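Quick notes on the structure that follows.
Chain A is the first sequence line, chain B the second, and so forth, proteins listed ahead of strands; every chain is numbered from 1. Every value quoted in this text rests on a predicted model; they were computed, and no experiment measured them.
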There are 2 protein chains.
Amino acid sequence: MQAPRKPPRRSASQRNNNGQRQRAGVTPAREDVERQFLDAAERLLLRVGYAGITTRKLAEEAGLNHGLVHYYFGSMQELLLQVLERFTDRLIERQEEMYAAPGPFLDKWRAAMRYLDEDEESGYSKVWYELQAMGWNDPEIRKRVANVDRAWFKVITKALDKAMDEYGLDRTQFPLEAVVTLVGTFNEGITLQRLSGIRSGHSALLKAIDRWLEELEIRKRQRKRTQ
Amino acid sequence: MQAPRKPPRRSASQRNNNGQRQRAGVTPAREDVERQFLDAAERLLLRVGYAGITTRKLAEEAGLNHGLVHYYFGSMQELLLQVLERFTDRLIERQEEMYAAPGPFLDKWRAAMRYLDEDEESGYSKVWYELQAMGWNDPEIRKRVANVDRAWFKVITKALDKAMDEYGLDRTQFPLEAVVTLVGTFNEGITLQRLSGIRSGHSALLKAIDRWLEELEIRKRQRKRTQ
DNA sequence: ACGCACCTTGGTCAAATGACTAAATAGCAC
DNA sequence: GTGCTATTTAGTCATTTGACCAAGGTGCGT
């Protein structure tokens, strides 16, 4: 990845529709090849970071000819943008699914904290943070990253709004927006630190929160019984 | 920045000491030139990110000949490592200074929160996070980043330890390590979000914390009076 | 089995890169 | 001034890069 010598062409999808159906009717084969490139790009993001991705390395990783990158995507920038798109769709979807599920908030919180470990394990975090780092130097990417963050913020807001009712928390003392921001930012902070191999204090913090939520859960049940 | 074709030479300082004194007696001129390169590197980190730095762009930014990079530092990797070194020394120093100052914790907290804005404004955050992102793909850099984080953790621990006494906080409910981790991670999270242009909820959170600390400060004074 | 749109290959190209160096120059000790 | 070392300049070099394309192959509809 470096500054392109010439501005890249708009995108492959624009030049290739010589009377051919747009996104709607892409051939399965085509979709397959595109997916292979996007998968390979994610693997490279994980392994070498965005700065280490070049058309040729990408093609090698995908086991495909390097000319295809240009044919299918028009440019690296476009490809990376599609990686971002696909990745974040999955991210938001998962998040919504999790919090929309039935059951007490405590369970959802624990599931979310499990994701923290799983995502580190699977390299999900690394890929997502590489995309973010790309965004720091690319307005178009940054815009999309910000959108995802906003969507994430919304999902957590909804979940925590319900949770505060559920546990009868005082909204004067803990304004919803502040709580959401605290939860969101400390999550990002933890992930960021882990990327640098730092884990000190994480389990202490998570344990303290878990204990606190557990207590709230117990009190909730007691309230129900005495009613 | 890309994989070097050959492993770079150890460092400029090793080849240049033809009987000449090591670091101790570097000529002022030399130190000056080195500083110019390091300054230029920071400016480029801020403006284009680590992936966009090349020896030639760096030399241009510094207004110096590109051959000098090799002469003085031996390689880009070495130069970037020195950028990190210098940068983080300043970071820790400032942090220690701030919390070591006299006065109530509330004041220190407010100073720290002001830094949050100042550092974004000045580009300090961007530089620091670019260095972190570099570390995600470079063990040597990552190690140093982790060290800085550890040092930062220690400083906050000391400060918050004192603060919890000062405000009489219950260490069973808020274990020191958990609190430190929460403060550290949400700080990093806020900075990270701001790099992507996200600011929603930040002021709400900071205001809520400020109000809470203010209340603690008032109660502290009341305690003193009634004693 | 023919036509034709689509796909794939294997390249070219100019520009850029990190590493490295010969030669000129500057600055200082004497 | 002379001599000598440290610094600086202006390159070279082998590679790599993103962009781009010609030519041939493939497979499907008919």
Side-chain angles (χ1 to χ4, degrees), chain A residues 1-22 25-37 41 44 48 50-60 62-81 138, chain B residues 1-22 25-37 41 44 48 50-81:
Chain A
M1 278 294 287
Q2 55 197 30
R5 265 141 287 251
K6 290 188 200 178
R9 287 217 234 98
R10 237 31 344 255
S11 90
S13 51
Q14 277 190 19
R15 16 191 318 268
N16 280 339
N17 55 3
N18 320 325
Q20 149 208 25
R21 303 121 320 197
Q22 198 63 346
V26 272
T27 66
R30 171 168 196 141
E31 208 142 70
D32 211 57
V33 173
E34 289 187 0
R35 196 179 36 69
Q36 282 181 69
F37 273 120
L44 284 182
V48 300
Y50 77 94
I53 301 185
T54 65
T55 44
R56 283 162 169 88
K57 269 193 248 174
L58 179 67
E60 196 196 0
L64 296 165
N65 189 281
H66 79 267
L68 294 180
V69 174
H70 187 256
Y71 181 77
Y72 279 115
F73 295 93
S75 69
M76 274 300 288
Q77 149 97 356
E78 173 64 24
L79 187 143
L80 259 0
L81 226 59
D138 182 326
Chain B
M1 278 294 288
Q2 55 197 28
R5 265 140 286 252
K6 290 189 199 176
R9 288 216 232 97
R10 241 20 1 245
S11 89
S13 53
Q14 278 191 20
R15 20 194 314 270
N16 281 340
N17 55 5
N18 319 326
Q20 149 210 28
R21 302 120 322 194
Q22 195 68 342
V26 272
T27 66
R30 171 167 196 143
E31 210 143 69
D32 211 58
V33 173
E34 290 187 1
R35 195 179 36 70
Q36 282 181 69
F37 273 120
L44 283 183
V48 301
Y50 77 92
I53 300 186
T54 65
T55 44
R56 282 161 170 87
K57 270 193 248 175
L58 178 68
E60 197 196 1
E61 176 70 30
L64 296 165
N65 189 282
H66 80 267
L68 295 180
V69 174
H70 187 257
Y71 181 76
Y72 279 115
F73 297 93
S75 70
M76 272 301 288
Q77 149 98 356
E78 173 64 23
L79 186 143
L80 260 359
L81 228 59

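With distances taken from any side-chain atom of A:N65 to the nucleotides D:dT17, C:dT9, D:dA10, the minimum falls on C:dT9. Closest to the side chain of B:L68, from the set C:dG18, C:dA19, D:dT8, is D:dT8. The side chain of B:K57 lies closest to C:dT17 when the candidates are C:dT17, C:dA19, C:dC13.
In this structure, B:Q36 has no side-chain hydrogen bond (donor to acceptor under 3.5 Å, both in side chains) partners at least two apart in sequence or on a different chain. B:R56 pairs by the salt bridge (charged side-chain N to carboxylate O under 4.0 Å, His left out) definition with nothing, not counting sequence neighbours.
When each of B:T55 and A:L64 is assigned the nucleotide of DNA chain C with its nearest heavy atom, A:L64 is the one assigned upstream, toward the 5' end.
The nearest whole Å value for the distance from the CD atom in B:Q77 to the P atom in C:dC20 is 14 Å. As rounded to whole Å, 14 Å separates atom P of D:dA10 from atom CD of B:E60. Put simply, OH on B:Y50 is 17 Å from C1' on C:dG18, counting in whole angstrom units. Here the C1' atom of nucleotide D:dT7 and the CZ atom of B:F37 are 12 Å apart, to the nearest Å. For the pair B:L80 CG and C:dG18 P, the interatomic distance rounds to 11 Å; values are reported in whole Å. Per the geometry, CD belonging to B:E34 stands 11 Å off P belonging to D:dT8, to the nearest Å. Atom pair A:L58:CG and D:dA19:P shows a separation of 12 Å (rounding to whole Å applied). Distance A:R56 CZ to C:dT9 P: 15 Å, rounded to the nearest Å.
Proximity of A:H70 to the phosphate of D:dC20: a side-chain N or O atom is located under 4.0 Å from OP1 or OP2. The phosphate of D:dT7 has OP1 or OP2 within less than 4.0 Å of a side-chain N or O from B:Y71.
For the atom pair CG (A:L58) and NE2 (A:H66), the distance works out to 11.5 Å, reported to the nearest 0.5 Å. The distance from the CG atom of A:L44 to the OH atom of A:Y50 is 15.0 Å, given to the nearest 0.5 Å.
With hydrogens and angles ignored, no donor-acceptor pair closer than 3.5 Å exists between the side chain of A:H66 and the base of D:dG18.
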Notebook entry, point to check: So B:F37 and B:E61, side-chain contact (heavy atoms from CB on, under 4.5 Å) or not? Walk me through it.
Noted result: CA-CA 8 Å; B:F37 273 120; B:E61 176 70 30; over 6 Å; no

